[in-house]
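Report on the following structure.
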Amino acid sequence: MPKTKKKISLTKIIIVLLLLWVGGEWYNYYKAKNAINYALIPNPTSKEISEQELMAFLPVWSDYMQQNISELGKRPVSLASGAPEDNLSDEAKEWLLRRLWYPKRFFYVEQRLRAILKTIDYQEQNDLLISDLSRQYEELSAQQAQNPTPDPSLESLMSGIENMIHLQQQKQNVEQISEEELKLITPMKSAVKDALYKYQHN
């Protein structure tokens, strides 16, 4: 009788050890299968953003905002306390990594797009202002040409307008956005702006 109990106990131990081994192997398989493959994540270091990067960014940003990913792990992003990627929880960082984005580059692209949109809007307004000032200058110049002698008041006005035009030209593209980026974003400005601001939290 004791031999039977001993045999049963040994069998149980073997079964338990077997189950532990199977469980460990399954866990290792699951972990390996779900591990983040960093080799697949693009890691550009260029100041400019490309069309490919833009197209990859927009849908992920939309999901990020809709799902309120910055709140994962109860660590909301606070720009006042550092860069966005520094304030993300591990869960939020993993969410981005699994979508093939390093957090630092992800938020860089976001800020870069905002700067590009700002530059485009400013240049459009600036072009209108310069065009209006140029028209005024031409009208004053035509008046001056009709005078037998130069009119000092007209000369003063024309000089003032020239200075204003020069000043406005100097203010263009203070964000130092490349021509390639402006050409990329300008035709799709409305779509990019909608993607960036549609789910903006107040």
Side-chain angles (χ1 to χ4, degrees), residues 42-66 70 76-87 101-202:
N43 191 26
T45 58
S46 62
K47 184 177 180 181
E48 294 80 16
I49 62 175
S50 64
E51 181 177 3
Q52 181 180 4
E53 194 171 27
L54 171 66
M55 294 299 102
F57 171 83
L58 293 177
V60 178
W61 174 260
S62 179
D63 289 343
Y64 177 87
M65 294 302 291
Q66 287 187 74
S70 66
V77 172
S78 173
L79 296 179
S81 60
E85 63 272 15
D86 296 331
N87 292 276
W101 279 97
Y102 284 105
K104 183 176 181 179
R105 185 65 182 185
F106 183 74
F107 290 108
Y108 173 82
V109 172
E110 178 220 347
Q111 294 302 317
R112 185 73 175 176
L113 286 175
R114 292 184 192 277
I116 294 172
L117 290 173
K118 181 180 177 181
T119 297
I120 292 173
D121 286 341
Y122 183 83
Q123 287 191 352
E124 289 176 349
Q125 296 171 9
N126 215 30
D127 288 344
L128 290 174
L129 179 57
I130 290 175
S131 177
D132 185 58
L133 290 171
S134 298
R135 179 183 55 78
Q136 293 180 44
Y137 182 89
E138 291 174 2
E139 291 176 353
L140 292 173
S141 180
Q143 292 180 34
Q144 187 73 293
Q146 295 175 0
N147 294 329
T149 58
D151 185 337
S153 63
L154 288 179
E155 285 186 347
S156 179
L157 286 173
M158 291 169 65
S159 178
I161 290 176
E162 277 186 311
N163 289 334
M164 290 177 66
I165 291 174
H166 182 65
L167 181 62
Q168 293 305 125
Q169 289 173 336
Q170 287 184 322
K171 289 182 178 180
Q172 287 195 348
N173 202 2
V174 295
E175 302 283 354
Q176 297 183 338
I177 304 302
S178 69
E179 286 298 320
E180 289 75 14
E181 288 173 305
L182 292 174
K183 289 178 182 178
L184 171 64
I185 303 300
T186 298
M188 51 189 305
K189 181 184 73 172
S190 296
V192 174
K193 186 176 290 188
D194 183 62
L196 276 181
Y197 295 100
K198 184 176 182 180
Y199 301 104
Q200 190 72 53
H201 300 309
N202 297 323

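This chain uses plain numbering: 1 for the first residue, then up along the sequence. This is a predicted model, so every value here is computed, not measured.
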Answer whether the closest heavy-atom distance between the side chains of [X] and [Y] falls below 4.5 Å.
X	Y	value
Leu182	Glu179	yes
Leu167	Asn163	no
Pro44	Glu53	yes
Asp121	Lys193	yes

Next on the checklist: Does Glu51, at its CD atom, have more than 12 non-hydrogen atoms belonging to other residues, nucleotides or ligands within less than 6.0 Å?
Outcome noted: no
For residues 128-136, run the donor-acceptor check on the side chains, cut-off 3.5 Å, and write out each pair with its distance to 0.1 Å, sequence neighbours left out.
| residue | atom | partner | partner atom | Å |
| --- | --- | --- | --- | --- |
| Asp132 | OD1 | Arg135 | NH2 | 2.5 |
| Asp132 | OD2 | Gln136 | NE2 | 2.9 |
| Ser134 | OG | Ile130 | O | 2.8 |
| Arg135 | NH1 | Glu139 | OE2 | 3.1 |

Rounded distance (nearest 0.5 Å) linking atom [atom1] of [X] with atom [atom2] of [Y]:
X	Y	atom1	atom2	value
Ile165	Asn126	CD1	CG	10.5 Å
Asn87	Phe107	CG	CZ	9.0 Å
Lys47	Ile177	NZ	CD1	7.5 Å

Next on the checklist: Suppose we screen for ring-ring contact (aromatic ring centres under 6.0 Å, His included). Which residues come up paired with Phe106, at least two apart in sequence or across chains?
Outcome noted: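 Phe106: ring-ring contact (aromatic ring centres under 6.0 Å, His included) contacts with Phe57, Trp61, Tyr64, Trp101.
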Next on the checklist: I'd like to check the side chain to side chain donor-acceptor pair (under 3.5 Å) partners of Asn147; sequence neighbours left out, ordered by chain and number.
Outcome noted: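 Testing Asn147 for side chain to side chain donor-acceptor pair (under 3.5 Å), a comparison that skips the adjacent residues, returns Gln144.
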Checklist entry - Does the distance from a Lys or Arg side-chain N to an Asp or Glu carboxylate O, for Lys189 and Glu124, drop under 4.0 Å? => result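 Yes, charged N to carboxylate O under 4.0 Å.
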Checklist entry - Which is it for Glu110 and Leu113 under the side chain to side chain contact (heavy atoms under 4.5 Å, CB included) test, yes or no, and what are the steps along the way? => result CA-CA 5 Å; Glu110 178 220 347; Leu113 286 175; over 6 Å; no
Next on the checklist: I'd like to know if the side chain of Tyr137 reaches the main chain of Leu157, judged simply by a donor and an acceptor atom lying under 3.5 Å from each other, with no hydrogens or angles considered.
Outcome noted: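 The answer is no, because no donor-acceptor pair under 3.5 Å joins these two groups.
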Checklist entry - Is it true that a side-chain atom of Asn43 and a backbone atom of Tyr102 form a donor plus acceptor pair closer than 3.5 Å? => result no
Item to check | Shortest non-hydrogen separation from Leu184 to Pro187 and the atoms involved | outcome: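 Closest pair (atom of Leu184, atom of Pro187, distance): O-CD, 3.6 Å.
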Checklist entry - Which pair of non-hydrogen atoms, one from Arg105 and one from Ser46, has the smallest distance, and what is that distance? => result NH1-O, 2.8 Å
Next on the checklist: Ile185 vs Thr119, test: side chain to side chain contact (heavy atoms under 4.5 Å, CB included). Steps then yes/no.
Outcome noted: CA-CA 11 Å; Ile185 303 300; Thr119 297; over 6 Å; no
Checklist entry - Just checking, any donor-acceptor pair under 3.5 angstrom between side chains of Glu181 and Ser178? => result yes
Checklist entry - Given Gln66 and Lys198, is the side chain to side chain contact (heavy atoms under 4.5 Å, CB included) satisfied, shown in steps? => result CA-CA 9 Å; Gln66 287 187 74; Lys198 184 176 182 180; over 6 Å; no
Next on the checklist: If you apply the rule side chain to side chain contact (heavy atoms under 4.5 Å, CB included), what do you find for Glu48 with Arg112, and how did you get there?
Outcome noted: CA-CA 8 Å; Glu48 294 80 16; Arg112 185 73 175 176; 4.2 Å; yes
